[in-house]
Colleague: 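Have a look at the structure that comes next, please.
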Number of protein chains: 2
Amino acid sequence: MVTLSEENYLKAIYHLGKQGKEAVSTNAIAEHIESKASSVTDMIKKLATKNLANYIKYQGVSLTEEGRLAAALVIRKHRLWEVFLVNKLNFSWDEVHDIAEQLEHVKSLQLVNKLDAFLEYPTHDPHGDPIPDKDGNYSPIKSINILEIDTGKEGTLSFVKDSSDVFLRYLNKNNLALGDTIKVLDFEPFDNSLTIETTTKKMIISKEVAQNLYLSV
Amino acid sequence: MVTLSEENYLKAIYHLGKQGKEAVSTNAIAEHIESKASSVTDMIKKLATKNLANYIKYQGVSLTEEGRLAAALVIRKHRLWEVFLVNKLNFSWDEVHDIAEQLEHVKSLQLVNKLDAFLEYPTHDPHGDPIPDKDGNYSPIKSINILEIDTGKEGTLSFVKDSSDVFLRYLNKNNLALGDTIKVLDFEPFDNSLTIETTTKKMIISKEVAQNLYLSV
DNA sequence: AGTAATTTTTAGTCTTGTCTAAAAATATTT
DNA sequence: AAATATTTTTAGACAAGACTAAAAATTACT
Ligand SMILES: [Mn+2]
Ligand SMILES: [Mn+2]
Ligand SMILES: [Mn+2]
Ligand SMILES: [Mn+2]
């Protein structure tokens with residue numbers, strides 16, 4: 001059995017080291033889950049004895065195949081629940097993360113799969129993050145950062161890297177949502193800001209904002 | 001903040017003493033939640049200091065108004081999730097309890113209320129149990145046990161007292177479901193069994209079964 | 001290479017929730 | 001009313017998960 005706390009560590013390792021494949025430092029995990037390095041050491045030892053993680057003292061952790069699958073399942077649940085909350089319960093995309101953090105720990109494979117079917121097998125969550133399938137796989141994101149797009153070209157907003165409520169609310173306020181068509185009008189070298197145009201308006205976005213917007217072209 | 005464990009104790013006290021209004025014994029709680037009396041004593045002390053329970057040593061526990069409301073909220077969540085699982089995800093009524101035991105602890109008032117709306121404000125869960133409203137109230141059950149019904153009279157199956165999977169599967173096997181019209185044909189004094197008739201068949205049910213079937217007439 | 005800074009681990013403590021065994025209180029019999 | 005049985009509480013221990021402070025290992029710098 002994988003406990004709630006273990007699941008959170010698995011997720012952290014998964015996210016920090018490319019799907020848990022590369023070694024992650026104790027400190028990085030501690031920072032990510034807002035705990036202390038000593039707590040992390042304790043837990044990764046536990047994950048290692050449970051064969052969920054590969055751990056060599058002082059050399060970081062990565063996930064075993066079993067650990068990777070367990071982590072992907074938690075992420076799958078998290079993202080499916082986010083879809084449910086937004087599409088079925090009419091939550092806004094900036095309100096769902098904390099609730100999904102709780103729902104992702106509910107244990108029932110039948111539940112996940114029935115939820116998946118009920119939602120008609122979504123491939124992405126409300127923030128554009130891909131939803132792993134039952135085997136933990138998903139097709140790599142093909143969207144590119146808006147700063148890589150040539151002036152004059154356009155694309156569809158399909159993924160936001162930062163899905164904190166602060167950033168999402170910035171997007172809400174400025175009427176930017178997933179699925180919007182965005183054209184890059186101008187790049188300003190002085191501060192790396194961009195002038196963009198949507199179907200309804202023209203606006204300037206800062207470098208910080210631009211770094212978090214990904215379009216599919 | 002009310003922890004998961006506290007919530008389970010609140011529910012137990014609520015269920016064992018008429019909505020937590022009358023005092024419940026330590027042993028009764030221990031048996032109900034499958035733990036030990038000493039653990040119960042510890043927890044009810046904690047509930048008392050948190051003003052959720054009224055506790056006098058050696059004299060059992062009841063719930064304060066605050067405790068009663070907290071318990072009702074957990075039960076509300078449990079039953080709403082059961083409705084969701086059966087009505088939306090197509091689970092069978094004998095499969096939902098354990099999953100609802102997990103979902104009932106998810107903390108978000110917004111979630112409960114949006115779920116309630118999504119389900120179109122159901123008044124009863126898949127086993128006929130009433131769903132408390134936001135204030136913890138529900139109209140008393142007006143259904144009566146099938147053994148109280150006069151021979152020749154009929155009613156609609158609207159509540160099953162035992163909602164263990166074993167019993168529910170017995171009902172499944174015999175094609176008895178909530179909403180079915182059932183007529184009482186005969187009462188057998190020797191073993192208290194009943195001969196009943198549904199729209200599709202005639203059958204004999206034991207006293208044990210009869211005690212758990214409630215009809216509205 | 002040798003010292004300093006940083007990271008990681010260990011050692012020991014704490015909280016929550018649980019348990020067993022023993023003591024205390026209450027309830028039931030005789 | 002005393003003796004016995006049952007229930008409840010207390011005392012002490014344990015596991016999980018987290019923390020602080022100190023020690024050990026690694027990395028960075030001169
Ligand atoms: Mn999220
Ligand atoms: Mn997301
Ligand atoms: Mn139930
Ligand atoms: Mn129920």
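So you know, we letter chains A, B, ... as the sequences are listed, proteins then strands, and number each from 1.
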Colleague: Using a cut-off of strictly less than 4.0 Å, decide whether B:Tyr9 has a side-chain nitrogen or oxygen near OP1 or OP2 of C:dT18.
Modeller: yes
Colleague: Using a strict heavy-atom distance below 4.0 Å, which residues from residues 22-37 of chain A are in contact with DNA chain D?
Modeller: A:Ser35, A:Lys36
Colleague: Taking only side-chain nitrogens and oxygens of B:Tyr55, does any of them come within less than 4.0 Å of OP1 or OP2 of D:dT9?
Modeller: yes
Colleague: Do we see a donor-acceptor contact under 3.5 Å between the side chains of A:His105 and A:Asn8?
Modeller: yes
Colleague: May I ask you to decide whether A:Asp116 forms a salt bridge with A:Arg76, counting only side-chain N to carboxylate O separations under 4.0 Å?
Modeller: yes
Colleague: Quick test of your reading of the model: are A:Glu82 and A:Arg79 salt-bridged, counting only N-O distances below 4.0 Å?
Modeller: no
Colleague: Rounding to a whole Å, what distance do you find between B:Lys50:NZ and C:dT16:C1'?
Modeller: 10 Å
Colleague: Could you check how far CE of B:Met1 sits from C1' of C:dT16, rounded to whole Å?
Modeller: 11 Å
Colleague: For D:dT10, take OP1 and OP2 only and decide whether either is under 4.0 Å from a side-chain N or O of B:Lys45.
Modeller: yes
Colleague: Please pick, from D:dA25, D:dT8, C:dC19, the nucleotide with the shortest atom-to-atom distance to any side-chain atom of B:Tyr58.
Modeller: D:dT8
Colleague: Tell me whether the rings of A:His15 and A:His32 are parallel (<30°), tilted (30 to 60°) or perpendicular (>60°).
Modeller: tilted
Colleague: Find the distance A:Asp42:CG to C:dT10:C1' and express it as a whole number of Å.
Modeller: 9 Å
Colleague: Would you please confirm or rule out a distance under 4.0 Å between OP1 or OP2 of C:dT18 and any side-chain N or O of B:Ser39?
Modeller: no
Colleague: Mind calculating the distance between CD (A:Gln59) and C1' (D:dT27) to the nearest angstrom?
Modeller: 13 Å
Colleague: Taking both distances under 3.5 Å as the test for a Watson-Crick or G-U pair, what stems of at least three pairs does DNA chain D have?
Modeller: C:1-30 with D:1-30
Colleague: Can you tell me how the ring of B:Trp81 sits relative to the ring of A:Trp81, calling it parallel under 30°, perpendicular over 60° and tilted otherwise?
Modeller: perpendicular
Colleague: Reckon A:Ser5 has a side-chain N or O less than 4.0 Å from the OP1 or OP2 of D:dA18?
Modeller: yes
Colleague: Is it true that B:Lys36 and B:Glu31 have a side-chain N and a carboxylate O under 4.0 angstrom from each other?
Modeller: no
Colleague: Under a plain distance cut-off of 3.5 Å, with no hydrogens placed, do B:Asn27 and B:Ser25 share a side-chain donor-acceptor pair?
Modeller: no
Colleague: Figure out the CD1/C1' separation between A:Ile56 and D:dT26, and round it to whole Å.
Modeller: 15 Å
Colleague: Return yes if a side-chain donor-acceptor contact under 3.5 Å exists between A:Tyr170 and A:Glu208, otherwise no.
Modeller: no
Colleague: Hey, are B:Glu101 and B:Lys11 close enough for a salt bridge, meaning a charged N less than 4.0 Å from a carboxylate O?
Modeller: yes
Colleague: Quick check: on DNA chain D, is the nucleotide nearest B:Lys57 upstream (toward 5') of the one nearest A:Glu6, or the reverse? Name the residue that is more 5'.
Modeller: B:Lys57
Colleague: Take atom CG of B:Leu4 and atom P of D:dA16, then tell me their distance rounded to the nearest Å.
Modeller: 18 Å
